[in-house]
Amino acid sequence: MTPQDRAERAARVMWDDDPASQGLGMSLDQIAPGRAEMSMTVRDEMSNGHGICHGGFIFTLADSAFAFACNSYNTRVVAQHNSITYLAPAKLGETLVAQATEVSRTGRSGIYDVVVTGTDRRVIAQFRGHSRQISGTHFEDDS
C-alpha cells in the first residue's frame with residue numbers, strides 16, 4: 001500500500017464516522033500524507049449578529065482539515081492544542097476552503113498549519129494545530 005493509498009483509506013474510514021463535518025455540509029476535497037483540503041459553504045444558520053460567518057464555524061472547518069491531515073498515516077491522532085487568528089470576515093453564501101499542511105511530525109507529536117480562504121482567495125483565518133498520537137489505527141494495514 002502506498003502512502004497515498006493509506007491516506008485515502010484512512011480518510012474514508014474517518015469520513016464515514018464524522019457526522020459533525022458532514023452535518024455542516026463540508027466536503028473533503030483532497031487528501032495526501034500530512035495534507036488535507038476541505039470546503040464548506042457558509043449557510044444562513046452559520047451567521048452571527050453581524051451578518052457574517054460565526055468564527056466557531058470557521059474554526060470547525062479548519063479543525064476538520066487539521067484532523068484529516070494528521071490522521072492520514074493510519075495512526076489515531078487527536079488535537080492537543082489549537083489556535084486561530086481571524087483576518088477577514090466570511091460572507092454568507094461563500095465557499096470557504098481550508099488547506100492543512102504538516103509542518104512537523106516527530107514521535108507522537110505534530111504541528112499543522114491550516115489556511116482558510118474565501119471564494120476570492122482572500123485569507124479568512126490562519127489556524128495552527130498541535131496533534132498527539134494515541135493508540136490504534138483506523139484500519140488493519142498488512143503492508
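No experiment lies behind these values; they were computed from the predicted model shown.
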Those residues that, when tested against H130, pass ring-ring contact (aromatic ring centres under 6.0 Å, His included) (two or more places apart)
H81

Going by ring-ring contact (aromatic ring centres under 6.0 Å, His included), name the residues that satisfy it together with F59, two or more places apart in sequence or in a different chain.
F127

Roughly how far, to the nearest 0.5 Å, is the [atom2] atom of [Y] from the [atom1] atom of [X]?
{"X": "Q126", "Y": "S83", "atom1": "CD", "atom2": "OG", "answer": "10.0 Å"}
{"X": "Q133", "Y": "N71", "atom1": "CD", "atom2": "CG", "answer": "9.5 Å"}
{"X": "R9", "Y": "T2", "atom1": "CZ", "atom2": "OG1", "answer": "12.0 Å"}
{"X": "I84", "Y": "I124", "atom1": "CD1", "atom2": "CD1", "answer": "10.5 Å"}
{"X": "C53", "Y": "L96", "atom1": "SG", "atom2": "CG", "answer": "6.0 Å"}
{"X": "L61", "Y": "M38", "atom1": "CG", "atom2": "CE", "answer": "7.0 Å"}

Non-hydrogen side-chain atoms of [X] and [Y] separated by less than 4.5 Å:
{"X": "L24", "Y": "M46", "result": "yes"}
{"X": "V97", "Y": "E37", "result": "yes"}
{"X": "H138", "Y": "M14", "result": "yes"}

Taking all heavy atoms of [X] and all of [Y], pick out the closest pair and write down the distance.
{"X": "R6", "Y": "M1", "value": "NH2-O, 3.5 Å"}
{"X": "G34", "Y": "S72", "value": "N-OG, 2.7 Å"}
{"X": "A98", "Y": "A62", "value": "CB-CA, 4.2 Å"}
{"X": "A36", "Y": "A65", "value": "CB-O, 3.5 Å"}
{"X": "P33", "Y": "A7", "value": "N-CB, 3.9 Å"}
{"X": "C70", "Y": "S131", "value": "SG-CB, 4.0 Å"}

Would K91 and T119 count as a side chain to side chain contact (heavy atoms under 4.5 Å, CB included) here? Give the steps.
CA-CA 9 Å; K91 303 168 192 166; T119 302; over 6 Å; no

Do H50 side-chain atoms and I52 backbone N/O form a donor-acceptor pair below 3.5 Å?
no

Counting only N and O atoms by type, is there a donor-acceptor contact under 3.5 Å from the side chain of Q4 to the main-chain atoms of I31?
yes

Mind checking who shares a hydrophobic cluster with I111, ILVMFWY linked at side-chain heavy-atom distances under 4.5 Å?
V103

Residues that, via side-chain heavy atoms closer than 4.5 angstrom, fall in one hydrophobic cluster with V123:
L87, V115

Test: salt bridge (Lys or Arg N to Asp or Glu O under 4.0 Å). Region: [range]. Which pairs qualify, not counting sequence neighbours?
{"range": "residues 94-119", "answer": "E94-R122, D113-R128"}
{"range": "residues 63-81", "answer": "none"}
{"range": "residues 40-56", "answer": "R43-E45"}

Partners passing side-chain hydrogen bond (donor to acceptor under 3.5 Å, both in side chains) against T95 (at least two apart in sequence or in another chain):
T41

Just jot down the salt bridge (Lys or Arg N to Asp or Glu O under 4.0 Å) partners of R12, sequence neighbours excluded, or say none.
none

According to ring pair (Phe, Tyr, Trp, His ring centres under 6.0 Å), does anything in residues 8-34 pair up with another residue at least two apart or in another chain? List the pairs.
none

Does any pair with a residue in residues 86-116 pass ring pair (Phe, Tyr, Trp, His ring centres under 6.0 Å), and if so which ones, sequence neighbours excluded?
F66-Y112

For residues 17-28, the side-chain hydrogen bond (donor to acceptor under 3.5 Å, both in side chains) pairs (sequence neighbours left out) are D18-S21, S21-S64, S27-D29, S27-S39

